[in-house]
Asker: 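Below: one structure in structure tokens.
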Amino acid sequence: MALRIATWNVNSVRTRLDQVCAWLQAEAPDVLCLQETKVADDLFPHTAFEALGYRAVISGQKAYNGVAILSRQPIEDVRVGFAALLPDDPAAVELGEQKRVISAWIEGVRVLNLYVPNGSALTSQKYPYKLEWLACLRRYLEAQDAQGEPLAMVGDFNIALEARDIHDPERLSGGIMASDPERQALRDALGDRLEDVFRVFEPDAGHWSWWDYRTGAWDRDTGWRIDHIYLSEELLACATACVIHRDQRGNEQPSDHAPVTVRLAWPTDPAEDGDGEGDDAGGW
């Protein structure tokens with residue numbers, strides 16, 4: 001048995017609908033988590049994805065933010081916002097006004113899709129909001145841990161957790177998306193249960209998932225790795241590959257982010273011995 005889960009900040013799902021559909025046809029992940037869909041729920045393009053065999057569950061708002069989970073597999077137990085697990089937490093309820101959190105139970109895995117606030121600048125009022133959001137994420141993940149579910153947490157985290165995740169760490173470390181408080185807040189949220197699966201397969205620097213539109217970053221390959229997939233221990237043991245599909249950043253009028261995909265494989269029967277390659281017939 002195998003499951004491929006992808007994440008992609010598409011920076012407007014309607015603007016880049018043809019690109020997303022073409023990528024789904026080419027790569028055929030089982031699950032695709034989208035961020036910055038930038039569309040109200042009643043205008044989400046369900047029909048285009050249904051034609052490709054994907055059902056979508058969504059949490060969107062007009063022009064800003066927005067998250068969605070597309071799946072070829074059955075989707076169960078959808079949870080929207082921090083308040084789904086923290087109903088008595090005032091901050092969780094307030095932070096839910098921005099549509100940044102959605103999760104679902106898919107093929108025995110809790111898939112959690114996040115769009116972490118950017119923070120804008122260290123001097124911006126959006127920076128303490130980001131830190132508050134990450135503190136709430138820590139409480140949410142503690143509640144999630146109590147559920148005892150295998151967890152794949154994916155999304156645009158707007159944080160380069162280490163120096164090797166930035167093209168120029170000497171100049172950029174300490175600034176927005178690479179400040180010590182942001183990094184520590186994310187580490188506190190991850191605790192010792194969630195691991196960055198990309199780094200299991202690729203320890204070296206030079207791998208980016210985001211290239212800023214404003215600086216000609218794509219042409220100069222001056223990127224950041226801020227789109228992450230974190231797995232709980234039981235899923236990490238099943239991971240066979242994690243890749244950044246950087247070619248998508250080279251599209252005409254692309255998103256500034258590239259998709260990232262993880263492949264999980266395990267025996268159909270958990271008691272079965274073998275190499276864990278399962279019955280996946282396609283893809284990498």
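All figures in this text were calculated on a predicted structure; none of them were measured in a lab.
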Asker: Quick check on side-chain contact (heavy atoms from CB on, under 4.5 Å): which of Asp30, Val57, Val31 does Ile106 satisfy it with?
Answerer: Val31
Asker: Would Ser232 and Glu234 count as a side-chain hydrogen bond (donor to acceptor under 3.5 Å, both in side chains) if you check the C-alpha gap in whole Å, the side-chain angles of each, and the deciding distance to 0.1 Å?
Answerer: CA-CA 6 Å; Ser232 58; Glu234 61 269 49; 3.2 Å; yes
Asker: Answer with yes or no whether the hydrophobic clustering places Leu70 together with Leu112; edges join I, L, V, M, F, W, Y residues whose side-chain heavy atoms lie under 4.5 Å apart.
Answerer: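 No: no chain of side-chain contacts under 4.5 Å links Leu70 to Leu112.
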Asker: Tell me whether Glu94 at atom CD has more than 12 heavy atoms from other residues, nucleotides or ligands lying less than 6.0 Å away.
Answerer: no
Asker: Quick check on Asp18: does its CG atom have over 12 non-hydrogen neighbours (other residues, nucleotides or ligands) under 6.0 Å away?
Answerer: no
Asker: Tell me, with the steps shown, if Asn11 and Lys38 meet side-chain hydrogen bond (donor to acceptor under 3.5 Å, both in side chains).
Answerer: CA-CA 7 Å; Asn11 197 3; Lys38 295 184 176 180; 2.5 Å; yes
Asker: Quick one: do Arg164 and Asp204 make a salt bridge, cutoff under 4.0 Å?
Answerer: no
Asker: Please find out if less than 6.0 Å separates the ring center of Tyr213 from that of Trp218.
Answerer: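 Distance test on ring centres: not under 6.0 Å, no.
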Asker: Test of understanding: with salt bridge (charged side-chain N to carboxylate O under 4.0 Å, His left out), list the residues that count as partners of Arg79, not counting sequence neighbours.
Answerer: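 Salt bridge (charged side-chain N to carboxylate O under 4.0 Å, His left out) check on Arg79 returns Asp77, Glu149.
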Asker: Could you walk me through whether Arg110 and Ser103 satisfy the side-chain hydrogen bond (donor to acceptor under 3.5 Å, both in side chains) test, starting with their C-alpha distance in whole Å, then the side-chain angles of each, then the deciding distance to 0.1 Å, before giving a yes or no?
Answerer: CA-CA 7 Å; Arg110 172 62 58 180; Ser103 83; 3.1 Å; yes
Asker: If we ignore hydrogens and angles and just use 3.5 Å, is the side chain of Thr261 paired with the main-chain N or O of Ala6 as donor and acceptor?
Answerer: no
Asker: Where the side chain of Asn251 meets the backbone of Gln248, is there a donor-acceptor pair that is under 3.5 Å apart?
Answerer: yes
Asker: Would you confirm whether Asn113, through its side chain, and Met153, through its main-chain N or O, come within 3.5 Å as a donor-acceptor pair?
Answerer: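 Judged by distance alone, no pair lies under 3.5 Å.
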Asker: Between Lys130 (side chain) and Asn158 (backbone), is there a donor-acceptor pair under 3.5 Å?
Answerer: yes
Asker: For the aromatic rings, using the six-membered ring if either is Trp, is the centroid distance between Tyr230 and Phe157 under 6.0 Å?
Answerer: yes
Asker: Is it true that Arg187 and Asp192 make a salt bridge, defined as a side-chain N closer than 4.0 Å to a carboxylate O?
Answerer: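 Looking at Arg187 and Asp192, the cut-off is not met.
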Asker: For Tyr129 and Ser124, what are the C-alpha separation, side-chain angles and deciding distance, and is it a side-chain hydrogen bond (donor to acceptor under 3.5 Å, both in side chains)?
Answerer: CA-CA 9 Å; Tyr129 178 90; Ser124 169; over 6 Å; no
Asker: To check you understand the geometry: which heavy-atom pair defines the closest contact between Cys242 and Ile229, and what is its length?
Answerer: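 Looks like SG-CD1, 4.5 Å.
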Asker: Thinking salt bridges, do Asp188 and Arg138 make one under a 4.0 Å N-O criterion?
Answerer: no
Asker: Using only atom types and a distance under 3.5 Å, with no angle test, would you say the side chain of Arg183 pairs donor to acceptor with the backbone of Ala160?
Answerer: yes
Asker: Any side-chain donor-acceptor pair under 3.5 Å between Thr37 and Tyr115?
Answerer: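 No, Tyr115 and Thr37 have no side-chain donor paired with an acceptor closer than 3.5 Å.
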Asker: Decide yes or no for Arg263 and Thr240: does some side-chain heavy atom of the first lie under 4.5 Å from some side-chain heavy atom of the second?
Answerer: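 Heavy-atom side-chain distance check passes, below 4.5 Å.
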Asker: Under 3.5 Å, is there a donor-acceptor pair between the side chain of Arg16 and the main chain of Gln253?
Answerer: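 At least one qualifying donor-acceptor pair exists.
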Asker: Residues two or more places apart in sequence or in another chain: which of them pass salt bridge (charged side-chain N to carboxylate O under 4.0 Å, His left out) with Asp165?
Answerer: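 Arg199, Arg225.
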Asker: Any salt bridge between Glu36 and Lys99, counting N to O under 4.0 Å?
Answerer: no
Asker: Hey, what's the ring geometry for His207 with Phe198, parallel, tilted or perpendicular (30° and 60° as the breaks)?
Answerer: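 Rings of His207 and Phe198: perpendicular, as their planes differ by over 60°.
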Asker: Checking Trp210 now: which residues fulfil side-chain contact (heavy atoms from CB on, under 4.5 Å) with it, not counting sequence neighbours?
Answerer: Met177, Asp212, Trp224, Ile226, Asp227, Asp256, His257
Asker: Is there a side-chain contact between Ile102 and Val78, using heavy atoms and a 4.5 Å cut-off?
Answerer: yes
Asker: Side chains of Ser59 and Val101: does their closest heavy-atom pair fall under 4.5 Å?
Answerer: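 Result no, sub-4.5 Å side-chain heavy-atom pair not found.
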Asker: Are more than 12 heavy atoms from other residues, nucleotides or ligands located less than 6.0 Å from atom OH of Tyr64?
Answerer: no
Asker: Would you confirm whether His167, through its side chain, and Gly223, through its main-chain N or O, come within 3.5 Å as a donor-acceptor pair?
Answerer: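 A pair under 3.5 Å: yes.
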Asker: Is Glu50 paired with Arg55 through a side-chain N to carboxylate O contact shorter than 4.0 Å?
Answerer: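 Answer for the salt bridge query: no.
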Asker: Would you confirm whether Ser173, through its side chain, and Pro169, through its main-chain N or O, come within 3.5 Å as a donor-acceptor pair?
Answerer: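 Between the backbone of Pro169 and the side chain of Ser173 there is a qualifying donor-acceptor contact (under 3.5 Å).
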Asker: Taking atom CD of Gln184 as the centre, does the number of heavy atoms from other residues, nucleotides or ligands within less than 6.0 Å exceed 12?
Answerer: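 Yes, CD of Gln184 has more than 12 neighbouring heavy atoms, counting only those of other groups under 6.0 Å.
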